[in-house]
Amino acid sequence: MSEHFENVLRNSDYWIAGDDAYSCDEIILTPYSNVKNDPGKSAFNFFHSSLRMKIENCFGVLVARQVSTKYLHSICLNLKFTDSPD
């Protein structure tokens, strides 16, 4: 992840829903491991997984509709999620 993108996320109310391949930190939320006896952590993992599935479905819809990368780039620019500081 680029340093600029990380700074944008750290200075905002946004975070990334990551899978368990990533380590959990201030900007990447990952599921808990070993949650057999903890209903709170199990519930978090359920909702975290549901959110990630919805996001993945949205990406699938975008790809299916063949949205141009230029359009996606303009969305990132509007959200200020770019690799180059403006």
Side-chain angles (χ1 to χ4, degrees):
M1 189 176 329
S2 75
E3 184 177 329
H4 175 70
F5 184 69
E6 286 187 37
N7 289 335
V8 168
L9 286 174
R10 288 186 199 286
N11 296 318
S12 70
D13 293 329
Y14 297 104
W15 43 267
I16 296 171
D19 62 16
D20 56 2
Y22 296 93
S23 59
C24 189
D25 67 10
E26 297 171 357
I27 58 175
I28 299 178
L29 292 179
T30 59
Y32 288 103
S33 58
N34 303 323
V35 296
K36 293 179 183 176
N37 298 323
D38 191 330
K41 289 180 180 180
S42 293
F44 174 85
N45 282 357
F46 173 80
F47 289 110
H48 184 274
S49 175
S50 298
L51 172 65
R52 289 190 59 242
M53 285 189 285
K54 289 177 184 174
I55 292 168
E56 289 171 10
N57 286 340
C58 289
F59 281 126
V61 169
L62 289 174
V63 169
R65 292 185 181 179
Q66 297 179 349
V67 175
S68 71
T69 56
K70 186 174 184 179
Y71 178 72
L72 291 175
H73 185 256
S74 69
I75 291 172
C76 290
L77 288 175
N78 288 336
L79 294 174
K80 299 186 185 337
F81 291 155
T82 62
D83 285 336
S84 59
D86 293 339

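From a predicted model like this one, the values you see are computed outputs, not experimental measurements.
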With sequence neighbours excluded, residues passing side-chain contact (heavy atoms from CB on, under 4.5 Å) with D25: R10, I27, I28

Please report, to 0.1 Å, the donor-acceptor pairs under 3.5 Å made by any side chain of residues 38-49, with sequence neighbours excluded.
unit_1 : atom_1 : unit_2 : atom_2 : d
D38    : OD1    : G40    : N      : 3.1
D38    : OD1    : K41    : N      : 3.2
S42    : OG     : V35    : O      : 3.0
S42    : OG     : D38    : O      : 3.2
N45    : OD1    : Y32    : N      : 2.7
N45    : ND2    : Y32    : O      : 2.9
H48    : NE2    : G18    : O      : 3.3
H48    : NE2    : L29    : O      : 2.9

Note, T30 side chain near D19 side chain (heavy atom, < 4.5 Å): no

For residues 53-63, run the donor-acceptor check on the side chains, cut-off 3.5 Å, and write out each pair with its distance to 0.1 Å, sequence neighbours left out.
unit_1 : atom_1 : unit_2 : atom_2 : d
E56    : OE2    : R52    : NH2    : 3.4
N57    : ND2    : M53    : O      : 3.3

